[in-house]
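Read through the structure below, which is laid out as structure tokens, and then see the notes.
What you see is a predicted model, and the numbers here were worked out from it, not measured in a lab. Residue numbering restarts at 1 for every chain, and letters A, B, ... go by the order of the sequence lines.
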Amino acid sequence: MKEQLEAADHYPVDRVEAKWRERWDERNLYRAECSKTRPKYYCLEQFPYPSGHLHMGHVRVYTLGDVIARYRRMVGYTVLHPMGWDAFGLPAENAAIKSGVPPRVSTLANIAYMKQQMRQMGLSFDWDREVTTCLPDYYRFTQELFLLFFERGLAYQREGAVNWCPGCETVLANEQVEDGRCWRCDSVVVKRDLRQWYFRITQYADRLLEGLNAVDWPADVKIQQINWIGRSEGAEVQFELEAVDASVSVFTTRPDTLFGATYLVLAPEHRLVEPLIEGRQEAQAVREFVARERQVSDMERTQESGEKRGIFTGSYAIHPLTGAKIPVWIGNYVLADYGTGAVMGVPAHDQRDFLFANQYGLTVTAVVSPESLDEPVLPFLSAGTLIQSGPFTGMESVKAKRAIAEALQEANQGGPRVTYRMRDWLISRQRYWGAPIPIIHCPSCGPVAVPREQLPVLLPDNVEFTGLGGSPLAQTEDFVQVPCPQCGQPARRETDTMDTFVDSSWYYLRYASEKTSERPFDRKDVDYWMPVDEYVGGKEHAILHMLYSRFFTKVLHDAGLVAVEEPFNSLLVQGMVVLGGAKMSKSKGNSLSPEEILGQWGSDATRVFMLFAAPPDKDFEWSKNGVEGAHRFLQRVFRLVTRPVAVGGSDREAAVRLNRRAHRTIKKVGEDLGDRRAFNTAVSALMEFTNALYQEIDQVSPDSRQFLLETLVLLLAPLAPYLAEELWEHLGHQTSVHEADWPVFDPAQLVEDAVEIAIQVNGKVRARMVVGSDWDRDAVEQAVLAHADLTPYLQGHAIKKVVVIPARLVNVVVA
RNA sequence: GCCGGGAUGGCGGAAUCGGCAGACGCAGAGGACUUAAAAUCCUCCGGUUCGGAAGAAUCGUGCGGGUUCAAGUCCCGCUCCCGGCACCA
């Protein structure tokens, strides 16, 4: 076998990869163990939905994670690198409706196939910790955590307008609506009034903001979350109504413009609309207006953005500070579920109010001016000095904001407030293939938690998937009918299941724990491994999954179940895999199957190309020529290591040169695979090292040769695990290269005796020369000024200054 | 509209703290080996001008200014592309 390999120009990729796959399986090399002597490292990649096949995006994420995990093992960490399946979800249920195969059956078959694909890729997962969210041994704890939220007042039911996806036949959370469309199936989302379960994520809004300061994430992901949460400081103002015994409360970020409020506008859905118009002549027209506006979908609202429609209610409110009578309107531009669902109209200082007031002939009063005397050009939106504002006239906007909010507080007519854009997380789904919400609705006790000893609430098997009549659970009578756990009366089980984002909000904690059927996870294990040191995944979850998981961790922290408050310390957001400039997708007909790619090029070449062709956070363009190049490089390494050597040379200088290169490469690749996460330049450094070895390795002694080749193979091991293992064996080792220690560079070896520097005159390179590394500035300067090539440039010019940058360049500045 | 990120050879990209722009690879050209091809190995490869050539000069990191001995990198003003949010009061 060995002789065959040595003789070959090309190494047999299939045979080598198959050989080591088998041996690695026997050894169970990647089992994560707690250690007292080694520091821990938790390397996590987002687990896949088991759709049936890996796609190239998966190949990229798991390659990135695997390189990180392998590198950290070699530098001395004990590494947790787990994998599992985000296995609940609509596609399996929709497939069941089409084909009749139950979701459980198809999902488990898909998992088996994809697991085999991952094995082929040579990914270093600890499969003993595999998690499958659709199995009862996992979802019973998803249910238990739901109950924990329920007990802590963080899970509640509420009736209200929700996002309904007609394609998926279920509701969606706000985060799952993109441009008015369903994030999964792209259907236009409509509003429906339904009673639904929510998680009170808004209660954690401030902590979700603060926590971002403590994590090492890309700035744009942090900003996306900050914008999503949308914290906004301002004031609440109460306006007493003239005709009705009630007050309208509005939220404003500009309390300094309060004196310019000339009318109020309520959202069409506002609860005071009906009392305000009752018995008035305007009632009929207003009701028609409201009915029309409520039918407009979010989608249409967004698209027609700008057009303002409103109607006068016939009622008036009293300005809390001036006592003036101002009209109350209803307007389509006021959102029911932001702030208080009502705004004060300050047309002089708000773009939207300005348009609205002009359209309907409402009074415009300027109360802020750029300079205390001039009349502002309206609408004037910036801060300035207050005018026509009673006792606050002459005050700066910034000061006045606080002063007016405080005045309102004292008068019991409002005060400083903070509002958020983020809404509570709607988690009910009217579908079968998810974790059932463990609640029983009793006519006399209300919603009652399923007692813990009765968990899991199992998904029934005797279900038909017709796609008709709503959720199959609601139609399965022996699932629904159940006695109340509190009073024993006949009651009905909740038939909604949980959003699959609930399943994925805590899976990383389950991985970290030794398997237990007692609890979701053991605190001591979790505290050992958490937080995740590096989380690798796609940008599409920058808000959704990443925000939900952070919320979960904080709640579990508050419940005393985990020590950490932030689950993911560092985040690596990988770019898309594209082909012909567009994201790979079956519908565009530009997808590539990993089966084909891995079959043709093998794992190592596929990995190396993906790492080399672009930095991890950028989009990656697949190219046949590119993967060929990676394949060539690996073959080149193979030949270098295995080819027979003529006669060992003994060129001392060549040995010193290559040795220095080896140490420099160790340093470079270590930095690139470590905190810099620049896998593309790590590969290029190895290519350079390989090229250098080709030049001179035949001139060095056998000992030097062995050291140089071992170094190359060790550095290559995280990137091309199969080839590295094969060559490690060839170099005479019996143990796995993946258990070997990362080589250590000697700083003394990095220093060159002499370096070539560039010599500039007035910033232009005019000559080069070699100087000793130990020369001081003066010595370098003297040598440079004496350089013959410089004479034409220096003659007849006065030297103003000489800038010496050690080991790089000298710039002579002349008049 | 607001908030991010980006623009470097024919292509992917490198330049980590303001210090020789274009590492490494792909594509291309030439050569060696070969009966031939493939594979492999070696050399060249931003533009313009001058030169037979070696080489020299000069321009060059989206555009226009600026700071600096020195700018792909910092500052000011634009253009275009990508992403997020969008009547959020």
key: OP1 or OP2 of B:C42 under 4.0 Å from side-chain N/O of A:Gln695   = yes
ask   = When you compare B:G77 with B:G4, how far apart are their P atoms, in angstrom units rounded to a whole number?
value = 14 Å
task = Give A:Ile223 one of three labels, base, sugar-phosphate or nothing, depending on what nucleic acid heavy atoms sit under 4.0 Å from its own.
result = sugar-phosphate
request  = Using atom types as modelled and distance alone, determine if a side-chain donor or acceptor of A:Ser247 lies under 3.5 Å from a backbone N or O of A:Gln238.
outcome  = no
key: Test: A:Arg423 and A:Asp337 ion pair at under 4.0 Å   = yes
key: Residue whose closest nucleotide on RNA chain B lies nearer the 5' end, A:Ala613 versus A:Ala758   = A:Ala613
ask   = Syn or anti: how is B:C17 classified when any glycosidic angle within 90° of 0 counts as syn?
value = syn
task = Identify whether the glycosidic angle of B:G9 places it syn (within 90° of 0) or anti.
result = syn
note = Mate of B:A71 across any strand shown (Watson-Crick or G-U wobble, both atom pairs under 3.5 Å) is none
query = In whole angstrom, what separates A:Asn227's CG from B:G83's C1'?
reply = 12 Å
A:Phe609 CZ - B:G13 P separation (whole Å) = 10 Å
message = Students often get this wrong, so: under 4.0 angstrom with heavy atoms, is A:Lys764 touching a base, only sugar-phosphate, or nothing?
response = sugar-phosphate
ask   = Are A:Arg643 and A:Tyr694 in a cation-pi contact, defined as NZ or CZ under 6.0 Å from the six-membered ring centre and within 45° of the axis?
value = yes
key: Side-chain N or O of A:Tyr793 closer than 4.0 Å to phosphate OP1/OP2 of B:A57   = yes
note = Assert: residue with more 5' nearest nucleotide on RNA chain B, out of A:Glu621 and A:Arg768, is A:Glu621
ask   = Using purine N1 to pyrimidine N3 plus N6-O4 or O6-N4 for Watson-Crick, or N1-O2 and O6-N3 for G-U wobble, each under 3.5 Å, what pairs with B:A14?
value = none
key: For atom NE2 of A:His631 and atom C1' of B:U40, their distance in whole Å   = 13 Å
message = Could you tell me if the side chain of A:Asp617 sits less than 4.5 Å from the side chain of A:Arg677, heavy atoms only?
response = no
inquiry  = Quick one: does any side-chain atom of A:Asn174 pair with a main-chain N or O of A:Met422 as donor and acceptor, under 3.5 Å?
reply    = no
key: B:G51 - base-pair partner by Watson-Crick or wobble geometry, distances under 3.5 Å   = none
Partners meeting salt bridge (charged side-chain N to carboxylate O under 4.0 Å, His left out) with A:Arg676 (sequence neighbours left out) = A:Asp672
Between B:C2 and B:G60 - C1' atom distance, rounded Å = 36 Å
task = Please give the nucleotide sitting opposite B:A29 as a Watson-Crick or G-U wobble pair, both distances under 3.5 Å, or none.
result = B:U43
query = In whole angstrom, what separates A:Leu686's CG from B:A23's P?
reply = 18 Å
Min side-chain heavy-atom separation A:Ile226-A:Leu209 under 4.5 Å = yes
message = Quick check for you: among B:A57, B:A14, B:A89, whose closest atom lies nearest to any side-chain atom of A:Thr681?
response = B:A14
request  = Please measure how far the C1' atom in B:G18 lies from the corresponding atom in B:G31, and state the result in whole Å.
outcome  = 43 Å
Span that lies between the C1' atom of B:G47 and that of B:U40, in whole angstrom = 34 Å
ask   = Looking across every strand, which nucleic acid part, if any, lies under 4.0 Å from A:Glu756 by heavy atom: base, sugar-phosphate, or nothing?
value = base
query = Does the pair A:Arg766/A:Asp789 count as a salt bridge with the N-to-O cut at 4.0 Å?
reply = no
inquiry  = Does A:Arg766 reach a base, just sugar-phosphate, or nothing at all? Heavy atoms under 4.0 Å.
reply    = sugar-phosphate
message = Only pairs with both distances under 3.5 Å count, Watson-Crick or wobble alike; so what is the partner of B:G62 in this structure?
response = B:C78
task = Would you mind checking if A:Lys539 and A:Asp619 are paired as a salt bridge, meaning a charged N to carboxylate O distance below 4.0 Å?
result = no
message = Both distances below 3.5 Å, Watson-Crick or wobble geometry, any strand: find the nucleotide opposite B:G83.
response = B:C3
Just the table, please: protein N/O against nucleotides 24-29 of chain B N/O, every pair under 3.5 Å.
| from | atom 1 | to | atom 2 | distance (Å) |
| --- | --- | --- | --- | --- |
| B:G25 | OP1 | A:Asn691 | ND2 | 3.2 |
| B:C26 | OP1 | A:Arg632 | NE | 3.1 |
| B:C26 | OP1 | A:Arg632 | NH2 | 2.8 |
| B:A27 | OP2 | A:Arg632 | NH2 | 3.4 |

request  = Carefully, step by step, assess A:Tyr263 and A:Phe356 under the rule ring-ring contact (aromatic ring centres under 6.0 Å, His included).
outcome  = CA-CA 11 Å; A:Tyr263 61 96; A:Phe356 190 77; 5.8 Å; yes
query = What is the distance, rounded to the nearest whole Å, between atom CD1 of A:Ile697 and atom P of B:C41?
reply = 15 Å
key: For atom CG of A:Leu266 and atom P of B:C87, their distance in whole Å   = 19 Å
message = Counting the benzene-type ring for Trp, do A:Phe609 and A:Phe620 have ring centres under 6.0 Å apart?
response = yes
message = Only pairs with both distances under 3.5 Å count, Watson-Crick or wobble alike; so what is the partner of B:U35 in this structure?
response = none
task = In whole angstrom, give me the gap between the P atoms of B:C69 and B:G64.
result = 23 Å
key: Euclidean distance for P, B:A53 against B:C42 (whole angstrom)   = 27 Å
B:G19 and B:C78, which share atom name P, separated by this distance in whole Å = 28 Å
query = For the residue pair A:Tyr338 and A:Phe251, does the interplanar ring angle fall in the parallel (under 30°), tilted (30 to 60°) or perpendicular (over 60°) class?
reply = perpendicular
request  = Using atom CD of A:Gln635 as one end and atom P of B:A38 as the other, report the distance to the nearest whole Å.
outcome  = 18 Å
query = Out of B:A89, B:U16, B:A57, which has the shortest distance to the side chain of A:Arg676?
reply = B:U16
Length of the line joining A:Glu175:CD and B:A86:C1', which is rounded to integer Å = 16 Å
Polar-atom pairs under 3.5 Å, protein N or O versus N or O of nucleotides 67-72 of chain B: list them with distances, or write none.
| from | atom 1 | to | atom 2 | distance (Å) |
| --- | --- | --- | --- | --- |
| B:C69 | O2' | A:Asn811 | ND2 | 3.2 |
| B:C69 | O2 | A:Asn811 | ND2 | 2.7 |

query = What class does the angle between the rings of A:Phe501 and A:His541 fall in, given that below 30° is parallel, 30 to 60° is tilted and above 60° is perpendicular?
reply = perpendicular
Euclidean distance for C1', B:A70 against B:A21 (whole angstrom) = 14 Å
query = Does a nitrogen or oxygen in the side chain of A:Arg421 sit under 4.0 Å from OP1 or OP2 of B:A86?
reply = yes
